[in-house]
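First comes the structure, then the notes that go with it.
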Amino acid sequence: MSQTVIAIDGPAASGKGTVSKAISEKLQFNYLDTGKLYRAIGAQYLEGRPPIDAAQSLNISDLNKYDLQKPEIAQAASEIALIPEVRAALLEFQRNFSKKMPGAVLDGRDIGTIVCPNAKIKIFLTASLKARAKRRYVELYKHDGKISFETILEQIKERDKRDQTRSSSPMVAASDAKIFDTSALSIKEAVDKVFDYIQTKI
Ligand code: DC
């Protein structure tokens, strides 16, 4: 089999991380959650480091230095992701990763459109705002019993708007991406649906 790139894009809590990881395990492909790159820069930005500088010297070990799931890091990630120089600095790292054998699954916002426009398979996962906020709430409540559903819903809404409207690589489904709505699907159903589709393309 020749080297295959699978691009999986979509908004926060659309299920893309869980689905991408499961698909990479089924196919024994390499997996990169590109949101972690932006989150690691967001974390450094919160510590006072200029984001362009952090992006230009990003090291893979930086990804394990922070609790990247924190909501404030997610918000900072979506802010630094607006900066074209930050995005440019991360391009080469992501493209090199996509060349790994026997194949690679990358998830993010602009994988099918900018990072790997020639990916063999492109998926765009989406879900209603309410369904996504509910998922994130269940996840974050385990760590912080005081967090409110309304706060999470507002944070996701704000992040969606920023990710969709930025001028540099906005989040948008590639014209040749297959779109799946996961609002009413369990994790297993979403993984099965996406995997069935991938098998028809591989
Ligand atoms: O997927 P995530 O929630 O971990 O991503 C965090 C932020 O990083 C997201 O709000 C926007 C940014 N991001 C991006 O701009 N491009 C990507 N390919 C991945 C993430």
Considering all heavy atoms of both residues, which atom of [X] and which atom of [Y] are nearest to each other, and what is their separation?
X      : Y      : value
Ala40  : Asp62  : CB-O, 4.2 Å
Ser24  : Tyr31  : OG-CB, 3.4 Å
Arg159 : Ala12  : NH2-CB, 3.3 Å
Arg166 : Asp163 : NH1-OD1, 3.6 Å
Ala7   : Ala119 : CB-CB, 4.0 Å
Thr113 : Ala173 : CG2-C, 4.5 Å

Within this structure, what is the [atom1]-[atom2] distance for the pair [X] and [Y], rounded to the nearest 0.5 Å?
X      : Y      : atom1 : atom2 : result
Ile80  : Leu46  : CD1   : CG    : 10.0 Å
Lys36  : Asn64  : NZ    : CG    : 7.0 Å
Cys116 : Asp110 : SG    : CG    : 9.0 Å
Ile111 : Ser98  : CD1   : OG    : 9.0 Å
Lys100 : Leu32  : NZ    : CG    : 9.0 Å
Arg87  : Ser169 : CZ    : OG    : 4.5 Å

Do [X] side-chain atoms and [Y] backbone N/O form a donor-acceptor pair below 3.5 Å?
X      : Y      : value
Thr182 : Ser14  : yes
Asn96  : Phe93  : no
Arg132 : Ala13  : no
Asp107 : Asp33  : no
Ser128 : Ser183 : no

Enclosure of Gln199 CD (heavy-atom neighbours >12, cutoff 6.0 Å): yes
Leu91 atom CG, over 12 foreign heavy atoms within 6.0 Å: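 Above 12, so yes.
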Qualifying ring-ring contact (aromatic ring centres under 6.0 Å, His included) pairs, either residue in residues 150-171, two or more places apart: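 Passing the test, one end in residues 150-171: no pairs.
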Pairs touching residues 34-81 that satisfy ring-ring contact (aromatic ring centres under 6.0 Å, His included), sequence neighbours left out: none
Student check: side-chain heavy atoms of [X] and [Y] closer than 4.5 Å:
X      : Y      : answer
Val172 : Gln164 : no
Gln69  : His143 : no
Leu129 : Ile156 : yes
Leu27  : Phe195 : yes
Arg135 : Val138 : no
Gln3   : Lys120 : no
Ser57  : Gln44  : no

Report whether [X] and [Y] are members of the same hydrophobic cluster (ILVMFWY, side-chain heavy atoms less than 4.5 Å apart, transitive linking).
X      : Y      : answer
Val5   : Leu37  : yes
Ile73  : Leu58  : no
Leu185 : Phe180 : no
Leu106 : Leu63  : yes
Val19  : Phe29  : yes

Fellow cluster residues of Phe124, listed by chain then number, with links counted only when side-chain atoms sit under 4.5 Å apart: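 For the cluster that includes Phe124, the remaining residues are Met171, Ile179.
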Sequence-distant partners of Ile147, side-chain contact (heavy atoms from CB on, under 4.5 Å), two or more places apart: Pro71, Tyr137, Leu140, Tyr141, Asp144, Ile152
side-chain contact (heavy atoms from CB on, under 4.5 Å) partners for Ile121, two or more places apart: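 Only Thr4, Ile6, Ile123, Tyr197, Ile198, Lys201, Ile202 meet the side-chain contact (heavy atoms from CB on, under 4.5 Å) criterion with Ile121.
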Derivation of the salt bridge (Lys or Arg N to Asp or Glu O under 4.0 Å) call for Glu139 and Arg136: CA-CA 5 Å; Glu139 211 175 283; Arg136 209 26 71 83; 3.4 Å; yes
Pair Arg162-Ser78, side chain to side chain donor-acceptor pair (under 3.5 Å): steps then yes or no: CA-CA 7 Å; Arg162 219 182 282 132; Ser78 118; 2.3 Å; yes
Residue pairs involving residues 173-183 (criterion salt bridge (charged side-chain N to carboxylate O under 4.0 Å, His left out); sequence neighbours excluded):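 Matches after skipping sequence neighbours: Lys122-Asp176.
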Salt bridge or not between [X] and [Y]? Use side-chain N to carboxylate O under 4.0 Å.
X      : Y      : value
Lys161 : Glu158 : no
Lys21  : Glu25  : yes
Lys157 : Asp160 : no

Candidate pair Arg95 and Val115, rule side-chain contact (heavy atoms from CB on, under 4.5 Å), full reasoning: CA-CA 6 Å; Arg95 286 188 178 151; Val115 179; 4.2 Å; yes
